[in-house]
Amino acid sequence: MLTETQVVDAVCKYLREKEFNIKQCLDLMEKGDDIIAEHHGKQIRLFIEAKGETSVNSKTSNFGKPFTSSQVRTHISVGLYKCAEVLTNYDKNDSVYAALALPNNEQHRTALERIEIVFPKLRIPVFLVNQGGSVLLHNDLSGENDIYKHLKLLK
């Protein structure tokens, strides 16, 4: 099961491969935007909120166990709120995107599908991380797992 740190690391690796400069890549215990990435050539700035699929805290009842569907919905809700804050702070800047990064599992996909219409309307890309660390774009508008084309189609 993927921890939040593993999700963050996988998305940072994916973005570096796409020639993004990672400005911030937070550890689980640090506060703030989990990932901030910029691509100067394409004038893109991403603020990404990440969530894992299990707790890394050995003192919790969820340690090493998957989060419940209710907890997954709460995590996505909190992530969407964080995205709304970013979009509010950068309201007049079309090159800024708020995004989510989540584990690619059935619970997260089901929760996303229930509200999938909001992501393109709000221009929020969702990165899904597989167990092996590869990254996919949820409902990829480009059909090519290409973050640049996906963002262009969100405009």
Side-chain angles (χ1 to χ4, degrees), residues 1-26 28 32-39 42-56 62 65-90 93-155:
M1 278 182 273
L2 295 170
T3 65
E4 183 174 314
T5 300
Q6 290 170 312
V7 170
V8 167
D9 290 345
V11 173
C12 286
K13 180 180 182 237
Y14 169 85
L15 291 171
R16 281 187 194 102
E17 290 170 356
K18 302 293 183 184
E19 300 181 1
F20 276 80
N21 184 11
I22 305 300
K23 295 292 189 182
Q24 181 167 292
C25 193
L26 294 184
L28 182 64
D33 299 302
D34 293 322
I35 302 168
I36 301 175
E38 295 178 346
H39 193 293
K42 300 209 183 280
Q43 299 296 308
I44 297 170
R45 191 167 191 203
L46 288 168
F47 292 84
I48 304 170
E49 179 67 14
K51 300 296 178 192
E53 62 185 321
T54 189
S55 174
V56 296
N62 280 339
K65 298 177 188 172
F67 290 122
T68 65
S69 58
S70 177
Q71 289 169 312
V72 168
R73 285 192 310 272
T74 298
H75 292 165
I76 292 172
S77 299
V78 169
L80 279 173
Y81 185 86
K82 186 72 171 172
C83 289
E85 285 183 326
V86 169
L87 295 173
T88 299
N89 291 337
Y90 293 93
N93 192 335
D94 282 346
S95 66
V96 171
Y97 294 86
L100 296 176
L102 304 167
N104 188 10
N105 64 27
E106 187 174 339
Q107 281 188 311
H108 283 88
R109 286 190 309 272
T110 298
L112 290 171
E113 287 166 5
R114 289 183 178 156
I115 59 170
E116 66 186 7
I117 195 168
V118 303
F119 299 105
K121 286 187 177 193
L122 296 176
R123 298 179 41 217
I124 298 174
V126 179
F127 298 93
L128 294 176
V129 179
N130 294 315
Q131 288 299 320
S134 61
V135 177
L136 303 170
L137 292 167
H138 176 69
N139 286 343
D140 180 16
L141 297 175
S142 75
E144 300 173 26
N145 203 40
D146 185 322
I147 186 64
Y148 305 121
K149 289 180 182 177
H150 182 74
L151 293 175
K152 186 176 181 181
L153 293 168
L154 284 176
K155 287 194 173 207

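Treat the numbers as computed from the prediction; the structure is a model and nothing was measured.
- Listed for the T54 side chain is no donor-acceptor partner under 3.5 Å among the backbone atoms of T3.
- Within the 3.5 Å criterion, the main-chain N or O of K149 finds a donor-acceptor partner in the side chain of D146.
- The line from CG of L137 to CD of E144 is 11.0 Å long, rounded to the nearest 0.5 Å.
- Cation-pi geometry between R45 and Y97 is not satisfied (NZ or CZ under 6.0 Å from the ring centre, within 45° of the ring normal).
- At a threshold of 4.0 Å, the pair E49-K51 counts as salt-bridged, since one of the basic side-chain nitrogens sits closer than that to a carboxylate oxygen.
- At least one donor-acceptor pair closer than 3.5 Å links the side chain of E53 to the backbone N or O of L2.
- Looking at N105, its side chain does come within 3.5 Å of a backbone N or O of Q107 through a donor-acceptor pair.
- No donor-acceptor contact under 3.5 angstrom links the side chains of N145 and D140, judged on distance only.
- One N or O on the side chain of N93 and one on the backbone of S95 form a donor-acceptor pair closer than 3.5 Å.
- Between the side chains of E38 and N21, no donor N or O sits under 3.5 Å from an acceptor N or O.
- Expressed to the nearest 0.5 Å, how far CD1 of I48 lies from CG of D34 amounts to 9.0 Å.
- With salt bridges taken as basic N to acidic carboxylate O contacts below 4.0 Å, one links K13 and E17.
- Side-chain atoms of Q131 and Q6 form no donor-acceptor pair, as typed in the model, at a separation below 3.5 Å.
- Using a 3.5 Å distance cut-off with no hydrogens or angles, the side chains of Q71 and T68 do pair a donor with an acceptor.
- Of the possible polar contacts, one joining the R123 side chain to the D94 backbone as a donor-acceptor pair under 3.5 Å is found.
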Using ring-ring contact (aromatic ring centres under 6.0 Å, His included), reason through Y90 and F47 one step at a time and then give a plain yes or no.
CA-CA 11 Å; Y90 293 93; F47 292 84; 5.1 Å; yes
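- Taking the six-membered ring for Trp, F127 and H138 have ring centres at least 6.0 Å apart.
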